[in-house]
Amino acid sequence: NAIYEVKEGRPFWKLRPLQVAVTLLVVVLITMVAIGIVITGPLARAVGDEVGLGNETVTVFNFAKWPVIVLVLLLIVGVLYYAAPNVRQTSFPWITPGGVLALVVWALASAGLGFYAAKFGSYQKTYGTLAGVILFLVWLWVSNIALLLGAELNAELERARELDAGLPAEDDIQLPSRTAPSSP
């Protein structure tokens with residue numbers, strides 16, 4: 001809401017179920033992505049061996065699953081960008097520049113954090129068994145920053161579209177609030 005410069009005006013009885021539904025949907029989709037990453041490789045190899053497909057087919061499958069995983073991640077980001085702010089979007093943001101930026105920044109930051117933790121971090125010495133929890137929380141924070149960066153890019157692109165259309169969007173983005181009555 002701060003990114004789109006609007007106040008939260010949805011009543012509690014509408015907002016809380018929406019938040020729970022979005023959370024459950026995102027958890028289910030992330031679980032599907034995790035299963036797709038972890039299980040499909042050995043599963044594809046086992047099925048390929050049973051059916052008689054060669055290693056080449058399994059290798060092709062292991063590369064072909066990544067575009068599907070990226071599309072599911074973009075769907076997750078689109079759901080977050082659509083449902084979270086109290087503004088009526090013009091359409092569902094399937095693939096947006098901000099969503100792509102968020103995924104790229106998230107992937108690079110996750111890889112960088114993983115590299116740092118593996119090579120330079122001494123979390124285990126300092127925090128003992130809590131090191132994994134602390135590193136996970138830092139990763140969640142980095143992931144949140146990447147998502148907010150993508151949302152900010154989408155909001156500024158919307159501001160640019162509105163300014164090009166002649167709307168007074170210098171100070172406030174002119175998307176209508178979800179709580180305001182829609183104009184005919």
Side-chain angles (χ1 to χ4, degrees), residues 1-40 65-111 113 132-165 167-184:
N1 289 332
I3 289 173
Y4 281 94
E5 301 161 349
V6 297
K7 292 186 179 195
E8 183 56 67
R10 294 173 279 192
F12 177 82
W13 56 272
K14 281 185 178 179
L15 181 61
R16 194 62 63 207
L18 174 68
Q19 291 171 334
V20 170
V22 167
T23 300
L24 290 175
L25 177 65
V26 168
V27 166
V28 166
L29 290 174
I30 287 176
T31 302
M32 287 174 43
V33 167
I35 288 170
I37 291 172
V38 173
I39 293 179
T40 58
K65 73 180 177 185
W66 288 104
V68 173
I69 288 171
V70 168
L71 288 175
V72 171
L73 290 173
L74 284 170
L75 174 66
I76 291 169
V77 172
V79 166
L80 290 172
Y81 289 172
Y82 183 75
N86 187 26
V87 294
R88 279 197 190 103
Q89 303 282 345
T90 54
S91 64
F92 184 80
W94 287 102
I95 299 176
T96 62
V100 172
L101 175 68
L103 278 184
V104 169
V105 168
W106 172 76
L108 292 174
S110 294
L113 185 62
V133 174
I134 292 169
L135 193 59
F136 178 68
L137 291 173
V138 170
W139 177 78
L140 285 177
W141 177 72
V142 167
S143 300
N144 186 38
I145 297 297
L147 286 170
L148 290 174
L149 177 66
E152 185 69 42
L153 176 63
N154 284 344
E156 291 306 316
L157 290 173
E158 177 62 32
R159 182 189 310 274
R161 281 191 289 273
E162 291 174 359
L163 288 171
D164 286 345
L167 295 172
E170 293 87 5
D171 294 327
D172 294 321
I173 296 174
Q174 301 299 308
L175 286 175
S177 170
R178 288 184 195 266
T179 55
S182 61
S183 53

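Model, not experiment: these values are computed from the prediction. The figures that follow rest on heavy atoms only: side chains count, while hydrogens, waters and symmetry mates do not.
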Taking all non-hydrogen atoms of both residues, which atom of [X] and which atom of [Y] are closest, and how far apart?
X: Gln89; Y: Pro85; result: NE2-CG, 3.9 Å
X: Ala146; Y: Ala102; result: O-CB, 3.4 Å
X: Ala83; Y: Leu18; result: O-CD2, 3.6 Å
X: Thr31; Y: Val27; result: OG1-O, 2.7 Å
X: Ile37; Y: Lys65; result: O-NZ, 3.6 Å
X: Arg161; Y: Asn154; result: NH2-O, 4.5 Å

Separation between [atom1] of [X] and [atom2] of [Y], rounded to the nearest 0.5 Å:
X: Ile76; Y: Leu29; atom1: CD1; atom2: CG; result: 4.5 Å
X: Glu152; Y: Arg159; atom1: CD; atom2: CZ; result: 8.0 Å
X: Leu101; Y: Thr96; atom1: CG; atom2: OG1; result: 9.0 Å
X: Ile35; Y: Ile30; atom1: CD1; atom2: CD1; result: 12.5 Å
X: Tyr81; Y: Leu147; atom1: OH; atom2: CG; result: 5.0 Å
X: Leu74; Y: Ile69; atom1: CG; atom2: CD1; result: 12.5 Å

State, yes or no, whether a side-chain contact exists between [X] and [Y] at a heavy-atom distance under 4.5 Å.
X: Leu73; Y: Trp106; value: yes
X: Leu140; Y: Asn144; value: no
X: Leu15; Y: Gln19; value: yes
X: Tyr82; Y: Val22; value: no

- Candidate pair Val77 and Trp94, rule side chain to side chain contact (heavy atoms under 4.5 Å, CB included), full reasoning: CA-CA 8 Å; Val77 172; Trp94 287 102; over 6 Å; no
- Query: Please walk me through it: do Leu135 and Leu113 pass side chain to side chain contact (heavy atoms under 4.5 Å, CB included)?
  - Reply: CA-CA 9 Å; Leu135 193 59; Leu113 185 62; 4.2 Å; yes
- Taking only residues two or more places apart in sequence or in another chain, which ones pass side-chain hydrogen bond (donor to acceptor under 3.5 Å, both in side chains) with Trp139?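 Residues passing side-chain hydrogen bond (donor to acceptor under 3.5 Å, both in side chains) with Trp139: Ser110.
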